Amino acid sequence: MEKWCCDWFQDMILSYGKKGFAIVAFHDESCDYRAFFLSSMPFDERVRKALTDESLAWPVIIDRGSRVPLAISVENRIPVDYCPRCGKSMKLLIKKYNNQFDSLAMEQSKIENILWSS
């Protein structure tokens, strides 16, 4: 499947793994759960590797007001029920293009493995 619901959504699918926003296809085969997520990665690859490499000493970031250490998130995901651009139902798209969705989820999981491996 070359295109999902609109050009914007297709561009967001192709953006996964890069700094910024992207759409991620997720398939949990153990319970046959399929969903799209909006992902945000605030750091480029160099910073992301430094933050996730336990062998590197990374400075602790402290909130100036409360003096509490802050957590750093290298990726955030929220479920997407409808395309943020055109409003198409993701459940209907996943159902209609089930095999293509599974292929996309598999392809993106390979990217994810590369992103988070040492």
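Everything quoted here is computed from the prediction, not taken from an experiment.
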For this session: Check the pair Glu75 / Ser39 against side chain to side chain donor-acceptor pair (under 3.5 Å), numbers first and verdict last.
Result: CA-CA 7 Å; Glu75 183 182 12; Ser39 164; 2.7 Å; yes
- Query: Would Ile13 and Trp4 satisfy side chain to side chain contact (heavy atoms under 4.5 Å, CB included), going step by step from the backbone distance to the final call?
  - Reply: CA-CA 9 Å; Ile13 286 173; Trp4 288 90; 3.0 Å; yes
| query | Are side-chain heavy atoms of Cys83 and Trp8 found at a separation under 4.5 Å? | reply | yes
Residues passing the salt bridge (charged side-chain N to carboxylate O under 4.0 Å, His left out) test with Asp32, sequence neighbours excluded, are Arg34
(message) So Leu14 and Gln10, do their side chains get closer than 4.5 Å, heavy atoms only?
(response) yes
Distance col, row Cys5:SG vs Tyr82:OH, nearest 0.5 angstrom, shows 13.0 Å
Value for CE (Met41) from OG (Ser15), rounded to nearest 0.5 Å, stands at 10.5 Å
Query - 4.5 Å side-chain heavy-atom contact, His27 and Phe101 - result: yes
Does Val68 reach the side chain of Ile62, with side-chain heavy atoms less than 4.5 Å apart? no
Do Phe36 and Leu104 touch side chain to side chain, with heavy atoms closer than 4.5 Å?
yes
Check: So, are Arg77 and Glu112 salt-bridged, with charged N and O less than 4.0 Å apart?
Finding: yes
Below 4.5 Å, heavy atoms only, C-beta onward: do Tyr16 and Phe21 meet side chain to side chain? no
Could you list the donor-acceptor pairs under 3.5 angstrom formed between side-chain atoms of residues 89-96 and any protein atom two or more places apart in sequence or on another chain?
| from | atom 1 | to | atom 2 | distance (Å) |
| --- | --- | --- | --- | --- |
| Ser89 | OG | Lys91 | N | 3.4 |
| Ser89 | OG | Leu92 | N | 3.4 |

To the nearest 0.5 Å, atom CG of Leu38 lies from atom CD1 of Ile78 at 5.0 Å
**Request:** Answer whether the closest heavy-atom distance between the side chains of Gln108 and Lys110 falls below 4.5 Å.
**Result:** no
Here the gap from Ile23 atom CD1 to Arg85 atom CZ, rounded to the nearest 0.5 Å, amounts to 13.0 Å
